[in-house]
Amino acid sequence: MKSPLLSLPGAVPAEGVDEGVAAHYGDLFREQRALADGTGFVDLSHRGVLAVTGDDRLSWLHLLLTQHVSDLPAGQATEALILSANGHIEHALYLVDDGTTVWAHVEPGSQEALIAYLESMKFFYRVEVADRTADTALVHLPAGSIAQAPASAVVRETPYGRDLFLPREELEAFAAQAGPAAGILAHEALRVEQHRPRLGFETDHRTIPHELGWIGTAVHLQKGCYRGQETVARVQNLGKPPRRLVFLHLDGSEVHLPPNGAEIRLADDGPDGRKIGFVTTSVRHHELGPVALALVKRNVPVDARLMAEDTAAAQETVVEP
């Protein structure tokens with residue numbers, strides 16, 4: 001979905017999975033500071049939107065998701081995962097129920113595969129699953145924002161701000177009164193600062209929830225009966241995950257940021273040392289400078305000096321070894 005807000009002054013289109021919205025509007029750090037101060041908004045209208053209706057929607061989703069949602073109160077935000085049979089993360093959903101419908105936003109382009117899976121699991125349950133991406137745009141208001149949500153919007157309120165499920169035809173009118181607009185790069189910089197993982201960035205084909213700190217926020221340990229639950233319980237009760245998420249402070253003298261997938265090695269082992277992890281997201285932060293999230297082997301010492309390709313990096317613990 002190509003956003004009409006790409007016509008705003010200074011808009012520079014994003015690339016890759018975030019294609020369709022603005023990377024920035026001409027001043028990345030100003031946009032970050034605005035969001036950090038609780039002003040402005042982020043156009044996330046490229047993200048997939050699902051709606052689940054029917055009397056059994058919560059009890060049915062409870063059987064499929066890693067989160068406890070059977071008694072989810074109307075208006076309460078939550079997040080959940082769908083795992084493979086081996087416990088690897090396949091989908092991440094950001095949910096709210098408005099009393100009649102469960103609304104969820106997901107990674108751009110992932111909604112078709114997710115809906116296909118959900119449709120295959122309907123059986124006799126009284127539920128309907130609809131792709132609402134074409135008529136519903138997601139907009140993010142940062143924490144502390146006093147902007148008014150339109151009456152037509154479904155609001156998902158979190159500690160990091162409010163996600164608005166907005167009728168797509170109202171997106172331009174909303175932008176005109178909710179500015180200033182901030183691009184996806186500013187949103188990503190604050191996400192990295194907050195150590196929040198993102199599907200397809202902090203995950204690969206073998207990522208399990210424990211590695212990213214998704215236990216508790218997206219995985220409820222007192223429920224069962226979902227695909228991959230055995231792996232979650234086994235790692236939680238009997239072992240440790242093979243990798244862990246870390247936050248990296250990168251050498252600010254480097255011009256280029258290490259890209260997603262950049263290999264990480266121990267600095268003391270030199271450029272020929274063995275790979276012990278990889279960069280998942282790297283950003284330039286308005287206060288912290290160049291920083292990143294990365295996945296490293298669990299047994300990497302927490303005080304070890306690292307190299308992300310040719311860039312020196314100091315780590316902060318996100319997931320305990």
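- Between Leu93 and Leu114, some side-chain heavy-atom pair lies under the 4.5 Å cut-off.
- Hydrophobic clustering of Ile, Leu, Val, Met, Phe, Trp and Tyr side chains at less than 4.5 Å, counting indirect connections, keeps Val42 apart from Val192.
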- Message: Using the rule given for side-chain contact (heavy atoms from CB on, under 4.5 Å), can you reason through Thr203 versus Arg198, listing the C-alpha separation, both sets of side-chain angles and the distance that settles it, and then say yes or no?
- Response: CA-CA 7 Å; Thr203 67; Arg198 181 178 174 188; over 6 Å; no
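- Taken to the nearest 0.5 Å, the CG atom of Leu306 stands 12.0 Å off from the OG1 atom of Thr311.
- At a cut-off of 3.5 Å, with distance as the only test, no side-chain donor of Thr207 or Glu202 sits close to an acceptor on the other residue.
- Note that CH2 of Trp60 is 10.0 Å distant from CZ of Phe123, once rounded to the nearest 0.5 Å.
- The backbone N or O of Thr133 sits less than 3.5 Å from a side-chain atom of Arg168, completing a donor-acceptor pair.
- For Glu211 (side chain) and Ile208 (main-chain N/O), a donor-acceptor pair under 3.5 Å exists by modelled atom type.
- Panel note: side chain Arg156, backbone Thr78; a donor-acceptor pair is recorded below 3.5 Å.
- Both Leu293 and Ile89 sit in one connected hydrophobic cluster of ILVMFWY residues. Membership requires side-chain heavy atoms under 4.5 Å apart, directly or through other members.
- Both Ile115 and Met121 belong to a common hydrophobic cluster when Ile, Leu, Val, Met, Phe, Trp and Tyr are linked at side-chain heavy-atom distances under 4.5 angstrom.
- A salt bridge links Asp204 to Arg243: one of the charged nitrogens lies within less than 4.0 Å of a carboxylate oxygen.
- Contact annotation: the side chain of Leu248 approaches that of Val246 to within less than 4.5 Å [non-hydrogen atoms, C-beta and beyond].
- Counting heavy atoms from C-beta outward, Val291 and Glu193 have side chains that stay 4.5 Å or more apart.
- The two residues Met307 and Ala312 come nearest to each other via the heavy atoms SD-CA, 3.6 Å.
- Between His88 and His205, the gap from one ring centroid to the other reaches at least 6.0 Å.
- Partners of Glu263 under the side chain to side chain donor-acceptor pair (under 3.5 Å) rule, at least two apart in sequence or in another chain, are Arg265.
- Around atom CD of Glu112, no more than 12 heavy atoms belonging to other residues, nucleotides or ligands sit under 6.0 Å away.
- Ala34 and Pro180 make their closest contact through CB-CG, 4.5 Å (heavy atoms, listed as atom of the first residue, atom of the second, distance).
- Side-chain contact between Val52 and Leu58: absent, with no pair of heavy atoms (C-beta onward) separated by less than 4.5 Å.
- Summarising the geometry of Val219 relative to Tyr226, their closest heavy-atom pair is CG1-OH, 3.8 Å, with the distance given to 0.1 Å.
- Under a cutoff of 6.0 Å and an axis angle of 45°, Arg191 and Phe201 form a cation-pi pair.
- Under 4.0 Å is where a charged nitrogen must lie from a carboxylate oxygen, and between Arg126 and Asp55 at least one such pair does.
- Counting non-hydrogen atoms of other residues, nucleotides and ligands closer than 6.0 Å to CD of Glu90 gives a total above 12.
- Placement of Leu50 and Leu63 within a single hydrophobic cluster is found when ILVMFWY residues are connected by side-chain heavy-atom separations under 4.5 Å, directly or transitively.
- Nearest heavy atoms, Val319 versus Gly213: CG2-N, 3.5 Å.
- Summarising the geometry, atom CD belonging to Glu157 is positioned 10.0 Å from atom CG belonging to Asp163; distances are rounded to the nearest 0.5 Å.
- In this structure, Asn260 contributes its side chain and Thr280 its backbone to a donor-acceptor pair below 3.5 Å.
- Counted within 6.0 Å of CG on Asn299, heavy atoms from surrounding residues, nucleotides or ligands total more than 12; the atom is thus considered enclosed.
- Checked by atom type and distance alone, the side chain of Arg162 pairs as donor or acceptor with a backbone atom of Ala147 at under 3.5 Å.
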- Task: List the steps and the verdict of side-chain contact (heavy atoms from CB on, under 4.5 Å) for Trp103 and Asp97.
- Result: CA-CA 6 Å; Trp103 294 86; Asp97 185 89; over 6 Å; no
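- Around atom NZ of Lys275, more than 12 heavy atoms belonging to other residues, nucleotides or ligands sit under 6.0 Å away.
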- Task: For the pair Ser84 and Asn86, evaluate side-chain hydrogen bond (donor to acceptor under 3.5 Å, both in side chains) and give the outcome as yes or no after the intermediate values.
- Result: CA-CA 5 Å; Ser84 72; Asn86 294 321; 5.0 Å; no
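- Between His105 and Tyr94, the angle of the ring planes stays under 30°, which puts this pair in the parallel group of the 30/60° scheme.
- Side-chain contact between Val279 and Ile264 is present, with heavy atoms from C-beta onward closer than 4.5 Å.
- We find that Glu320 and Arg244 are not joined by a salt bridge, their nearest charged nitrogen and carboxylate oxygen being 4.0 Å or further apart.
- The main-chain N or O of Leu83 is found under 3.5 Å from a side-chain atom of Arg227 such that the two form a donor-acceptor pair.
- For the pair Asp269 and Arg274, the salt-bridge criterion is not met [side-chain N within less than 4.0 Å of a carboxylate O].
- The CD atom of Glu128 sits 12.0 Å away from the CG atom of Leu118 when rounded to the nearest 0.5 Å.
- In this structure, Glu119 places its CD atom where more than 12 heavy-atom neighbours from other residues, nucleotides or ligands lie under 6.0 Å away.
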- Query: Taking it one step at a time, do Glu19 and His46 satisfy side-chain hydrogen bond (donor to acceptor under 3.5 Å, both in side chains)?
  - Reply: CA-CA 8 Å; Glu19 183 180 4; His46 64 313; over 6 Å; no
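- Once rounded to the nearest 0.5 Å, the distance linking CZ of Phe174 with CG of Leu5 reads 10.0 Å.
- For the pair Phe165/Val139, no side-chain contact is recorded, criterion being any heavy-atom separation below 4.5 Å from C-beta on.
- Taking a 6.0 Å sphere around CG of Leu238, one finds it holds more than 12 heavy atoms contributed by other residues, nucleotides or ligands.
- Asp43 and Ser45 share a donor-acceptor pair across their side chains, judged by distance under 3.5 Å alone.
- Cluster annotation: Val49 and Val96 are assigned to the same hydrophobic cluster (Ile/Leu/Val/Met/Phe/Trp/Tyr, side-chain heavy-atom contacts under 4.5 Å, transitive).
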Distance-only donor-acceptor hits, side chain of residues 20-27, under 3.5 Å, sequence neighbours excluded:
unit_1 : atom_1 : unit_2 : atom_2 : d
His24  : ND1    : Gly26  : N      : 3.0
Asp27  : OD1    : Arg30  : N      : 3.1

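- Residue Lys2 places its NZ atom among 12 or fewer non-hydrogen atoms of other residues, nucleotides or ligands, all under 6.0 Å distant.
- Across Gly109 and Gln111, no two heavy atoms sit closer than the pair N-OE1, 3.2 Å.
- A donor-acceptor pair under 3.5 Å links the side-chain atoms of Arg298 to the main chain of Pro241, judged by distance alone.
- Leu221 places a side-chain heavy atom less than 4.5 Å from the side chain of Ile215.
- The backbone N or O of Thr39 sits nowhere less than 3.5 Å from a side-chain atom of Asp37 that would complete a donor-acceptor pair.
- Between the Thr101 side chain and the Ala51 main chain, no donor and acceptor come within less than 3.5 Å of each other.
- Residues Thr66 and His220 have side chains not in contact (no heavy-atom distance under 4.5 Å, counting atoms from C-beta outward).
- With a 6.0 Å radius and a threshold of 12 heavy atoms from other residues, nucleotides or ligands, Lys223 has its NZ atom above the threshold.
- With values rounded to the nearest 0.5 angstrom, Gln32 atom CD is found 11.0 Å from Glu188 atom CD.
- No side-chain donor-acceptor contact under 3.5 Å links Glu107 to the backbone of His91.
- Scanning for side chain to side chain contact (heavy atoms under 4.5 Å, CB included) contacts around Gln194 gives Tyr160, Leu190, Arg196, with sequence neighbours left out.
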